[in-house]
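The structure appears below as structure tokens.
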Amino acid sequence: MTGNLPPQYDPKATETKWQKYWEDNQTFKADPEGGGEPYCVVIPPPNVTGSLHMGHAFEETLIDVLVRYHRMTGRNTLWLPGTDHASIAVQTILEKQLKAQGKTRHDLGREKFLERAWEWKAESGNTITNQLRSLGVSVDWSRERFTMDEGLSAAVLEAFVRLYDEGLIYRGNYLVNWCPASQSAVSDLEVDQQEVEGHLWHFRYPLTDGSGYLEVATTRPETMLGDTGVAVNPEDDRYKHLIGKTVTLPIINREIPIFADELVDATFGTGCVKVTPAHDPNDFEMGKRHNLPFINIMNKDGTLNENAGEFQGQDRFVARKNVIKRLETDGVLVKIEDYKHTVPYSERGKVPVEPLLSTQWFVKIDPLSQRALEALDQNNSPVFVPERWTKVYRDWLVKLKDWCISRQLWWGHQIPAWYAVSETHGEITDTTPFVVAKTEAEAREKAEAKFGTDVQLARDPDVLDTWFSSGLWPFSTLGWPDETKDLDFYYPTTTLVTGFDIIFFWVARMTMMAGHFTGKMPFETVYIHGLVLDENGHKMSKSKNNGIDPLLLIAKYGTDALRYTLVKEVIGAGQNIRMEYDRKTDESKSVETSRNFTNKLWNAARFVMMNLEGQTPQQLGSPYPPQPPLAKGGSEEGLELCDRWILSRYYQVVQQSRTCLENYGLGEAAKGLYEFIWGDFCDWYIELVKSRLQQDAEPNSKKVAQQTFAFVLEGILKLLHPFMPHITEEIWHTLTQTGDGDCLALQAYPEPDTSLIDPELEHQFDLLFGTIRTIRNLRADSDIKPSVKVTAILQSENEKERQILLDGGVYIQDLAKVENLTVTANLDADLGQTIAGVVGTVQVLIPLAGVVDLAALRGKLEKKLAKVEAEIKHTAARLTNQKFVDKATPDVVQGARDALAESEKQAEILRDRLKLF
């Protein structure tokens, strides 16, 4: 360790170095027997197929800030990483590969297909976790989990069997979201509601008795082939006399009833609703209430089946056109309206989903959601940050319906149900009896007890919805159902950090599963973050192709710069942030600003260490008594005014950072640190003490300056570490000359010493800094050369202000290049030619005699003004020339307007300066 830093900061080398160090040394390995208060976070598991996107970068950075902070406050911390097996995504990838070879999964068979899936996982499934490493996340990689690893698969089996034995899982014929492309049921989360420009088709259903007709309207005319009723509102006087009668369904000629149901909105459309119970969720409920037939017209590939009559075998969208033609030919098509409406699309299959009647496995939600509601209503558990999401979560729990958990896929947790196919001629049908068990041997034992030793068994080919295993994630990853040390110590987890878009789908499933299986909510707090929007304020999405690659920004600016930008932009918990980005150059001004901040910190730290004469903070000792133990050389009485000021500001920021981080004000904490480090420490304190670090400086004053420098710099590194872990670790090791075996990540987070917080002193320095800025500005306005020292007169009628200026006079003289400083209540009548400014109620004057050649200065300013006015005249003439405006590109015209505005601003400044002389 050399005790100083290289001249230039190299983020790539530094970040790679410390990421490897932390992982090789298992710096973040958790120990449930290590004592202390637990702080546990389980990572929201990204899909194993995923690549790092900006949403991941944002979420993992927020989590890492919290985890690193709480680790440094002394809590026994575990951040557990892992990935989700992503049934549909993996299967889609593999089936595309097979399709390119002219094959299907059925050509391979299930066993070979799964072998290929595991091979893919081994080769490509670590992409996302390796990319997470590049963010510097302080996870315990020794505990990394995968939702299909041996332990989590055992937990899934345990949960399924328990729920089934308790009557909370059942097999039934219900309406599901069906994706014809992947030929699988999909969850609500896998459905993307897209607004489309569609049509509303109106047609007539003739009354069977020939007395008239009813007009209905639909956005899916092909579904009329499965209609089994027409509904009206019971209070609608227009149709009361028709309730109980029937209409004849066009094309199919099926007689269907007219009935009353309160679900019908009498003010929408004609007030008559065609009812297709097998193909619409609302119609499904009405069909059950009124005992209507459920007629399925759709095959699983999206073609129409035998119940569609002449349209059998046609794709649903081809059939739609043909049904319309037939209705028009039959004279029952009334009109077609343009109609904007939302259509549910399968996120994976990229096609509209079809509500389809299908035999699936379901979880009874009510008993599970009631337990979660009890925890919320009685104990406010979990706590939502921001609080407004509590109502959203509660409303969702109340509205939840039974959960379809089966998926027609091969990659995933195969449903542990075995059918006695010998009872139904060797096939699995809707009526085939079955047994549920954890193993095939256990299933055979149960089946033989029911059906005899000759029973033939076939396992259910479907797999479980990935949200089933994800719902167990907070406790299965800690060892459940076994009673492990991790589960005992770290569960319930402390904080879940996630986006608002999956409160309903993931958060609710976890709270319901955890409440049922562990009797506790799985986390104390749910911190809901917003979205990272693109440079135009739009949500990033693959369909819009407006994503911003975080890995590209990391390569250009460094991980710490990206992390800091993402956190600093958050104004209030849960708010969206906008990422500045130039797609032509792949540059981001906001990330560049954070990169500049890393350079500022690096250069400041380098300057400090150059002036510590090879000594560490420990060797130098504390700059003031309360810091135990007082090292040899510690100064008890030697703190100067600016030392007391920086210590006061430092402890204010310590207090602010702790308060913000404890209350999820991560953005506010980041901003406060930025302002303190860049402004107070780098721009002011370093300048204030430079003269005390010279070789000829008074020894005691120099020592105290070095002690304060070292102490505050080390504190800054600790405060900033959760946000910028790599650069702070590198500087800290160099500053403290600490060898291997210890690191900044494990140091204690600073605590505020309120005895050193002095708001009055800080207020005094605000006046001093304002005065210094004013003198500097007056010097610049007068073209006084930096090397020339001036006389300054500070006038104030306020005695307290005058005393502050006198006490800080040495700083004013040093930083503003003032040779003679006068602080007075009254001004002399004759000061000669001066330039004046004001800071608060203090008037600042600089006599110009002997310092500036006023005539030459005035001539120089007049010459500049004349040149600028000529530019204004020329540019204004161009912009008033209609030919130029018409022929030039918009960018060129806007450039001319911007140039004119800038020139006018410069002219105004020059005129103001001329008034001074």
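The structure displayed is predicted, hence computed values, not measured ones.
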>> Between Val48 and Met148, does the side chain to side chain contact (heavy atoms under 4.5 Å, CB included) criterion hold? Intermediate values first, please.
In response: CA-CA 11 Å; Val48 71; Met148 281 179 63; over 6 Å; no

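- In this view, Val343 and Val196, His341, Tyr345, Pro352 satisfy the side chain to side chain contact (heavy atoms under 4.5 Å, CB included) rule, not counting sequence neighbours.
- Using cut-offs of 30° and 60° for the angle between ring planes, the Tyr674 and Phe597 rings count as tilted.
- By the 30° and 60° cut-offs, the orientation of the rings of Trp18 relative to Trp22 is tilted.
- Under the 30°/60° scheme for interplanar angles, the aromatic rings of His85 and His413 are found to stand perpendicular.
- Here the shortest heavy-atom pairing between Lys568 and Ala670 reads CA-CB, 4.0 Å.
- Here the CG atom belonging to Leu132 is positioned 5.5 Å from the CH2 atom belonging to Trp141, to the nearest 0.5 angstrom.
- Taking the six-membered ring for Trp and thresholds of 30 and 60 degrees, Phe58 and His529 have ring planes more than 60 degrees apart, a perpendicular arrangement.
- The two residues Gly499 and Glu59 have their closest heavy-atom pair at N-OE2, 3.6 Å.
- The pair Asp534-Lys544 fails the salt-bridge criterion, with no side-chain N (NZ, NE, NH1 or NH2) lying under 4.0 Å from an Asp/Glu carboxylate O.
- Annotation: salt bridge (charged side-chain N to carboxylate O under 4.0 Å, His left out) contacts involving residues 361-374, sequence neighbours excluded, are absent.
- For Arg145 against Gly151, the heavy-atom pair with the smallest separation is NH2-CA, 3.6 Å.
- Classification of Glu158 and Arg162 as a salt-bridged pair holds, one side-chain N sitting under 4.0 Å from a carboxylate O.
- Just one of Gln26, Glu23, Lys29 meets the side chain to side chain donor-acceptor pair (under 3.5 Å) condition when paired with Ser142; it is Lys29.
- A perpendicular orientation is assigned to the rings of Phe723 and Tyr564, their planes being inclined by more than 60° (bins at 30° and 60°).
- Considering all non-hydrogen atoms of both residues, Asn177 and Val191 come closest at ND2-CG2, 4.0 Å.
- Between Phe468 and Trp403, the angle of the ring planes lies from 30° to 60°, which puts this pair in the tilted group.
- The backbone N or O of Ser588 sits nowhere less than 3.5 Å from a side-chain atom of Ser590 that would complete a donor-acceptor pair.
- Within the 3.5 Å criterion, the main-chain N or O of Gly515 finds no donor-acceptor partner in the side chain of Thr518.
- Phe28 approaches Val139 most closely through the heavy-atom pair CB-O, 3.6 Å.
- Looking at Arg407, its side chain does come within 3.5 Å of a backbone N or O of Ala185 through a donor-acceptor pair.
- Ring geometry, Phe475 versus Trp480: the interplanar angle exceeds 60°, so the pair is classed perpendicular (tilted spans 30 to 60°).
- Taking both residues in full, the closest heavy atoms of Ala57 and Leu52 are given as N-CD1, 4.3 Å, listed atom of the first, atom of the second, then distance.
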